[in-house]
Amino acid sequence: MLQVSHVTKKYGKVKACDDVSFHLEPGSVTVLLGPNGAGKSTLMKAIIGFLRHEGEITVSGFPSKTPQARRLLGYVPEMPSLYPNLTVGEHMEFLARAYKLKDYRDRIDRLFHDFELDDKRKKFGDELSKGMQQKLNLCLGLLPEPKMLLLDEPMIGLDPHAIKQLKLTMEEMRREGKTLLVSTHIIDSVDMLWDRTIIMQNGVVRANVTRQELEADGRTLEELFFDVTEGVDRENVSSAPGEE
């Protein structure tokens with residue numbers, strides 16, 4: 001579904017992403033872990049096509065910046081970017097028309113019900129709390145029903161109900177054969193969701209491990225993360241399977 005090949009992104013002399021390569025299969029949830037400044041958000045923006053970069057990124061065989069790839073991709077950024085003069089309902093209507101969606105109003109109703117935004121339809125974007133803005137941010141990313149969804153720190157600011165609903169939505173998408181890439185630095189928030197983890201540090205992929213591989217090794221995701229980022233037992237995890 002997603003192929004990232006030798007992607008490098010520089011800001012001046014600093015490499016935010018340094019020769020990053022990995023492949024994600026359909027119907028999987030991959031968690032992208034790393035400390036602050038690891039390059040996670042830069043990589044997500046490169047995949048979605050917001051940044052110029054060296055290397056190649058394809059979605060179902062299409063270069064990521066082509067219309068064919070963008071029709072397959074959805075993106076939930078870390079910081080909601082809402083229009084202050086549009087209401088919650090108008091945001092969804094605007095996106096639906098931009099994507100030329102059909103029969104979308106029932107889906108809007110379901111998303112608003114699931115994320116408890118029904119009573120906020122007529123509120124303007126700048127009238128919402130940060131948590132409500134993040135809920136709307138999620139609804140906007142989910143509305144087009146993308147084949148692949150990128151979520152950058154999606155659970156920050158959410159209340160317990162919204163976190164539970166997001167996890168249920170992610171599990172449903174996985175069952176439907178869709179691909180999810182979730183960037184976070186909060187390990188507990190995704191500990192039970194993932195099929196593969198990619199751990200970055202200083203712009204480099206330090207580990208690329210499936211859940212089955214980690215369980216066979218007898219370690220938890222948290223143990224792997226600290227082994228990698230704090231330099232313990234790095235030799236066992238630094239090579240990504242298939243990326244040597």
Side-chain angles (χ1 to χ4, degrees), residues 1-2 24-34 36 38 40-41 43-45 47-48 72-82 88-89 91-92 94-96 99 101 104-121 123 125 128-200 211 220-222 225:
M1 181 68 187
L2 175 70
L24 303 185
E25 297 289 342
S28 63
V29 176
T30 298
V31 56
L32 182 62
L33 294 175
N36 290 333
K40 304 186 303 297
S41 291
L43 179 60
M44 299 281 267
K45 291 174 183 177
I47 293 171
I48 202 68
L72 302 173
L73 282 172
Y75 178 53
V76 177
E78 179 179 2
M79 298 297 293
S81 181
L82 305 178
V88 169
H91 273 88
M92 298 290 275
F94 176 79
L95 185 74
Y99 275 82
L101 302 180
Y104 56 85
R105 289 190 171 83
D106 286 346
R107 178 157 176 78
I108 291 176
D109 290 343
R110 178 186 171 189
L111 287 168
F112 279 176
H113 174 267
D114 288 346
F115 288 96
E116 299 182 318
L117 286 173
D118 266 324
D119 61 343
K120 302 294 189 295
R121 289 174 184 262
K123 290 278 188 180
L128 300 175
S129 67
K130 290 184 178 179
M132 290 295 176
Q133 288 182 1
Q134 180 64 351
K135 288 182 182 183
L136 178 55
N137 197 32
L138 287 168
C139 290
L140 290 166
L142 292 167
L143 179 60
E145 300 185 276
K147 296 294 184 183
M148 178 172 183
L149 182 62
L150 311 179
L151 301 108
D152 194 357
E153 301 288 357
M155 297 180 190
I156 291 180
L158 294 183
D159 57 49
H161 173 85
I163 291 173
K164 178 182 177 181
Q165 184 56 52
L166 177 57
K167 290 181 177 181
L168 290 172
T169 301
M170 291 169 63
E171 289 173 356
E172 180 181 355
M173 292 180 70
R174 175 167 54 188
R175 287 194 301 270
E176 293 172 349
K178 297 177 180 178
T179 305
L180 295 98
L181 179 62
V182 186
S183 172
T184 186
H185 65 274
I186 305 174
I187 299 172
D188 291 347
S189 67
V190 292
D191 193 35
M192 299 305 294
L193 285 172
W194 63 284
D195 302 299
R196 176 181 295 277
T197 183
I198 295 171
I199 301 176
M200 294 185 66
R211 179 185 287 275
T220 66
L221 183 58
E222 183 177 51
F225 178 80

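Remember, it's a predicted structure, so these values are computed and weren't measured experimentally. All residue numbers in this chain count up from 1 along the given sequence.
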Rounded to the nearest 0.5 Å, how far does [atom2] of [Y] lie from [atom1] of [X]?
X	Y	atom1	atom2	answer
Q133	L140	CD	CG	11.5 Å
L43	I198	CG	CD1	8.0 Å
W194	R174	CH2	CZ	11.0 Å
K164	T169	NZ	OG1	12.0 Å
I47	L24	CD1	CG	7.5 Å
L138	F115	CG	CZ	5.5 Å

Please check: side-chain N/O of [X] versus main-chain N/O of [Y], any donor-acceptor pairing under 3.5 Å?
X	Y	result
T179	E25	yes
Q134	P154	yes
N137	V76	no
R121	G89	no
R107	L142	yes

Please tell me if the side chains of [X] and [Y] come closer than 4.5 Å, counting only heavy atoms from C-beta onward.
X	Y	result
S28	L180	no
L72	M148	no
S183	L151	no
L143	L101	yes
V182	M170	yes
V31	V29	no
V88	F112	yes
R211	R196	no

How close do [X] and [Y] get, heavy atom to heavy atom, and via which atoms?
X	Y	value
L32	K40	O-CD, 3.4 Å
P146	L73	CB-C, 3.7 Å
G131	L158	O-CD2, 4.2 Å
I156	E78	CD1-OE2, 4.5 Å

Counting only heavy atoms not in [X], do more than 12 fall under 6.0 Å of its [atom1]?
X	atom1	answer
K45	NZ	no
H161	NE2	yes
K167	NZ	yes

Requested in this report: Quickly, which of E116, Q165, K130 forms a side-chain contact (heavy atoms from CB on, under 4.5 Å) with K135? Name it, please.
Outcome: E116

Query raised in the report: Less than 4.0 Å between a side-chain N and a carboxylate O, is that true for D114 and R110?
Result: yes

Query raised in the report: Step by step, would you call M79 with E153 a side-chain contact (heavy atoms from CB on, under 4.5 Å)?
Result: CA-CA 9 Å; M79 298 297 293; E153 301 288 357; over 6 Å; no

Query raised in the report: Going through the checks in order, is the side-chain contact (heavy atoms from CB on, under 4.5 Å) test met by L166 and M155?
Result: CA-CA 8 Å; L166 177 57; M155 297 180 190; 3.9 Å; yes

Requested in this report: In sequence, state the C-alpha distance, the side-chain angles, and the governing distance for L111 and L117, and then conclude on side-chain contact (heavy atoms from CB on, under 4.5 Å).
Outcome: CA-CA 8 Å; L111 287 168; L117 286 173; over 6 Å; no

